[in-house]
Amino acid sequence: MNYWLIKSEPHVFSFDDLLAAPDQTSPWEGIRNYQARNFMRDSMKKGDTLLYYHSSTQVPGIAGIAEVASKAYPDPTQFNEQSPYFDPKASQHNVRWVLVDIKALRKLERYLPLAELKKQSTLADMRLLQKGNRLSIMPVTKPEYDFIVKLAKKPASS
DNA sequence: GCCAACGTTGGC
DNA sequence: GCCAACGTTGGC
């Protein structure tokens, strides 16, 4: 069982949107970064646990817990000229991008802002918090995951 | 295969 | 909107 953090811009697709989707499941479209793609293609397994992170928003942070609901398969938006994720260099015979389905499990007891995560010495080595990190999918260690779940159960400290 | 130019991400 | 950091592209 692996743990991952995935980033989404909430104005595009928030954790609440995922909760509201049929069966709380949705294809996770539009990943156009090779490192992130390779994680999905090579390392993600159905049933892996996901921390759902909101980026590019007023208060970035972790909103909820989801799981991988399928293995990787071709992202159909790469073939769709109408899609913002269209990739002219991709074709049915030359699949460039894959995706996995994700399923919302539950919201965290409270939203965990990035600023609060940064204050946790336990998380000092977390990939999310490293300078210049731009990956939209990144591995999370089990200790990091456990700590974050526990942190969400505590009231926010001022 | 180098690397400059350009594009994107994402916090602030 | 700014800008640092990083990724991608393409000429050579």
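Below, read A as the first sequence line, B as the second, and so on, with proteins coming before strands; counting in each chain starts at 1.
Under a 4.0 Å N-O distance rule, the pair A:Glu109/A:Arg106 qualifies as a salt bridge.
In this view, A:Gln35 and A:Asn33, A:Arg127, A:Leu135 satisfy the side-chain contact (heavy atoms from CB on, under 4.5 Å) rule, not counting sequence neighbours. Take A:Asn133 and apply the side-chain hydrogen bond (donor to acceptor under 3.5 Å, both in side chains) test, not counting sequence neighbours, and it matches no residue. Take A:Ser14 and apply the side-chain contact (heavy atoms from CB on, under 4.5 Å) test, not counting sequence neighbours, and it matches A:Pro10, A:Asp16, A:Asp17, A:His54. Judged as a side-chain contact (heavy atoms from CB on, under 4.5 Å), and not counting sequence neighbours, the contacts of A:Glu144 are A:Leu123, A:Met126, A:Val140, A:Thr141.
Within the structure, every pair that satisfies the ring pair (Phe, Tyr, Trp, His ring centres under 6.0 Å) test and touches residues 119-150 of chain A, not counting sequence neighbours, is listed here: A:Tyr3-A:Tyr145. The list of ring pair (Phe, Tyr, Trp, His ring centres under 6.0 Å) pairs with a residue in residues 56-79 of chain A, not counting sequence neighbours, is empty. Within the structure, side chain to side chain donor-acceptor pair (under 3.5 Å) pairs that include any residue of residues 61-71 of chain A do not occur (at least two apart or interchain). Identified under the ring pair (Phe, Tyr, Trp, His ring centres under 6.0 Å) test for residues 9-42 of chain A, with sequence neighbours left out: A:Trp4-A:Phe39, A:Phe15-A:Tyr52, A:Tyr34-A:Trp97.
Across residues 48-59 of chain A, A:Tyr53, A:Ser55, A:Ser56 each have a non-hydrogen atom less than 4.0 Å from an atom of DNA chain B (numbered order). A heavy atom lying under 4.0 Å from DNA chain C marks the following residues of residues 132-141 of chain A, by number: A:Gly132, A:Arg134.
Between chain A and DNA chain C, the heavy-atom contact criterion of under 4.0 Å yields a 5' to 3' nucleotide range of C:dA5 to C:dG10.
Other members of a hydrophobic cluster containing A:Phe86 are absent, since no ILVMFWY side chain comes under 4.5 Å of it, directly or through relayed contacts.
Among the protein residues, A:Glu9 comes within range of no part of the nucleic acid, since none of its heavy atoms lies under 4.0 Å from any strand.
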